[in-house]
Amino acid sequence: MADAAEIQGPSASPARRRLRRAGALLAGAPLLAGLLQLTAAEPAQAAPSDSVSVALDTMTPSAPTEDDTLTVSGTVINNGRQPVTGAHVGLRVGPLLNTRSAIDGIAQHPNDLRGGTGDELGAKYTEKFSKLVPGVAEHFSISVPVDELDLGKDGVYSFGVSVSGKTSARPWDQMLGIERTFLPWQSSEADTKSRTTFMWPLISSVHMTARTGAGERQTPVFQDDELAKEIAPGGRLAQMMDLGRDLDVTWVIDPDLLAAVDAMANGYRVQQPDGTSKAGSRENQDVAKQWLAGLQKAVTGKEVVALPFADPDLASLAHTGTSVTGSLSHLKDATDVAALTVKTVLHVTPTTDFAWPVEGAVDPSIIKVATSAGADRVIARSDSLRESSGLSYTPSAARPIGGGTTAVVADARMSTAFEGDLTRADSSTLAVQQFLAQSLEANVQKDEQRSIVVAPQRTPTASQAQAMATAVKALQDGNWSQPDTLTGAANAKPDPDATTRIPSTSAYPSSLRKRELPRSAFEQIADTQDKLDNFQVILTDQSRVVTPFGRAINRGMSTSWRGQAAKADGFRADVLSYLDNLGGQVKLIDKSETKLSGRSATIPVTVQNNLVQPVGHLYLRLSSTQPTRLKIGGKAYDEQPVEVSGGHSQSVKFTTSANANGRATVLAQLYTEDGQEYGDPVSFDVKVTEVTPTVMLVIGGGVLLLVLAGFRMYTQRKRAAARQAEEEGPDEAEADSGDGSGNPDDAGDRLSEESGSPAGAAGPDQPGDPAPDTAPESADPSGTGERVDR
């Protein structure tokens, strides 16, 4: 430019320069006008997208074919302060979208006026409004034959509904609002169709407690009555069942839900804030029966996948639970009971070899835990197990990841299409169109058939379920997809170019990790299991306790507790507290000080059983802390087996012997057959009296005095008899002797007989033998006390 400035031509005359300036002005006038118009129009294009909002409430059919008529309806609302005049709603067909990322971009900004909106169809396919008043919604409905849309190649097209008009501030026709979505276009049957598996989850939160009523029926107690609302007509689970009945889907069911509804159908109770419970309504029982009957019909002929009982949180188990002994055993129990529960309630045999981590997020530890209970197929998601080889297409779901395990990788875009608030009709419509667009775009990527799996959120809302059902129905009626089962997808031939590398533990999303169950939760569960193991040993009918508490332990590690740490902790604490209370119904009765007034006696100890079932396999041990003073059964301790009927007490008697007087502390403790302490010990003092050398000396002196007195009487009578014989003479004396032997001992024998105390004989009631100091126990049953529900 400097060189050009330096080389200048001859200077023009003033008249010529004025003529050139005039010509330049005349030539630039149109350009200036265009610039001014562009400047004026630019604010309209850059106007806020909510100046006039457009809501696309319906779009039918969702995936039109050649002979269809496309009908769109919805509402427009003037969100500005000025009326819009000369307004009309029109349809716009945008360009063909060639990538799944392009679909993402439009879905993220559906109201952007500056995007590729496409050309508006002719005025024949518009709806006009003379005025749009601020804040007033106006309904529109436009129908257009598909052949008027001028669609070309099969694929996904951008599609928009726009509103245009004038305002007093901008009195020219301009586009004031738009809502963009997608128009899937497959004019005829595709040469190659994707095989699509849609998982239809029937999962709820935890509703049942560990508590049950007394009696043979063991009426279950529920935390609340929320489940009845979910399965009632119009409820979330009622709609899930009704909608899924007519769809080609794979049912993915938590057996705990079936167990809860089945329990409700047969009579249940609801826990109250004061700790009591009340009977559930007959109406809710009928609702439960109807729901189960409907579900039994809905799943007939369909694939049913049973998750482990209560849907345990596999990621929490892997990241924090495995460090607590015994945690993995609960996953095995939950898996074992799953098939039986589904078969009992629904009368179908489910598949149990699938594991489903939260949001399909996996790492090596999750895979290891997921397969530890027998599952050899793990449902992952493509935003976790990401493609690393730069594939230009979406590969099939099945991926062999080693050790005989298959990762079934669900498509993340399609699986997350129905999240968020879909209560508004336009939000639901956009979700359906986006889902179909992603499905068709994935199909046209490659000529080879592939398996696509959709794993939506675990507990869709009613509005989300309705959108899902609309999308699945449209997909089934479309020309590019055919339904498949989850087992079919897992068994499909894997794509050799698809990644099989499991992401590292550090790659696990922190947002998910923050919501996991803490280590303390698994420690609490382990404590409950230890106490349950100790308690069940003494029961004659273990199933009355093992079953409800085992299932409650499974519920304590449920995925549904994510984001509800306080409620989860409260549930587990209630299970443990109730088990403690139940185990405490078998106990030793406190005993006051006991006195022994002799060398030996029996001491009774009472065992009380307030359960409704008999207990046994118990031993009662009585120990002396001072065996030199007091022995139990001749040694430091003694033990006896214990069996007590339900609602009764039993006294167990121990023989004791004292060696010295004074106090001795005695400890009573129940033990199970395997040597584990059961319950709290009871200690009491035994006071030993009258067992001293002085007492023995007094007794011995008494015996000696008796002997001396007898001997003195004997010698006196002998002397008297001798004197009498001398006075009477020999003949009389001989006659008096009877048999003539003259044995003086005969007189002594008679004396002893008269006295009633033969020498050397102490009768059965010798004064030296102590009498028992405790009265015999009554054979009648004691008061039953408070009966509990076992």
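Just the heavy atoms: all of them, side chains too, but no hydrogens, waters or symmetry mates, feed the values below.
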Legend entry - Stepwise salt bridge (charged side-chain N to carboxylate O under 4.0 Å, His left out) check, Asp411 with Arg100: CA-CA 12 Å; Asp411 187 86; Arg100 301 187 70 181; 2.9 Å; yes
Inset, instruction - Using only heavy-atom distances, determine whether the side chains of Ser439 and Trp480 contain a donor-acceptor pair under 3.5 Å. - result: yes
Inset, instruction - Scan residues 413-431 for pairs that pass side-chain hydrogen bond (donor to acceptor under 3.5 Å, both in side chains), counting only residues two or more places apart or in two chains. - result: Asp104-Arg413, Asp421-Thr423, Arg424-Asp426
Inset, instruction - Establish, from distance only, whether the side-chain atoms of Thr58 and Ser73 form a donor-acceptor pair under 3.5 Å. - result: yes
Inset, instruction - Assess the side chains of His319 and Glu516: does a donor N or O sit below 3.5 Å from an acceptor N or O? - result: yes
Legend entry - Side chains of Gln445 and Ser392, donor plus acceptor under 3.5 Å: no
Inset, instruction - Tell me whether the guanidinium CZ or amine NZ of Arg458 lies under 6.0 angstrom from the six-membered ring centre of Trp356 and within 45° of its axis. - result: yes
Inset, instruction - State yes or no: are the ring centers of Phe435 and Phe418 separated by less than 6.0 Å? - result: yes
Inset, instruction - For Arg555 and Asp256, run salt bridge (charged side-chain N to carboxylate O under 4.0 Å, His left out): C-alpha distance rounded to whole Å, both residues' side-chain angles, the deciding distance at 0.1 Å, then the answer. - result: CA-CA 8 Å; Arg555 295 182 186 110; Asp256 183 33; 2.9 Å; yes
Legend entry - Residue pairs passing the side-chain hydrogen bond (donor to acceptor under 3.5 Å, both in side chains) test where at least one lies in residues 446-455, sequence neighbours excluded: none
Legend entry - Electrostatic pair Arg501:Glu387 at N-O distance under 4.0 angstrom: no
Inset, instruction - Decide whether Gln433 and Ser62 meet the rule of one side-chain donor and one side-chain acceptor closer than 3.5 Å. - result: yes
Inset, instruction - Consider only side-chain N and O atoms of Thr196 and Ser481, and report whether a donor and an acceptor are under 3.5 Å apart. - result: yes
Legend entry - Asp376 and Thr405 side chains, donor-acceptor separation under 3.5 Å: no
Inset, instruction - Kindly write out the residues that satisfy ring-ring contact (aromatic ring centres under 6.0 Å, His included) with Phe522, not counting sequence neighbours, or none if the list is empty. - result: none
Inset, instruction - Determine the interplanar angle of the Trp200 and Trp251 rings, folded into 0 to 90°, and report it as parallel if under 30°, tilted if 30 to 60°, perpendicular if over 60°. - result: perpendicular
Legend entry - Residue pair Thr71 / Ser143, side-chain donor-acceptor N/O under 3.5 Å: yes
Inset, instruction - Check each of Gln464, Met199, Met414 against Pro456 using the side-chain contact (heavy atoms from CB on, under 4.5 Å) test, and report the only one that passes. - result: Met199
Inset, instruction - Indicate whether any N or O donor in one side chain lies under 3.5 Å from an N or O acceptor in the other, for Thr485 and Thr487. - result: no
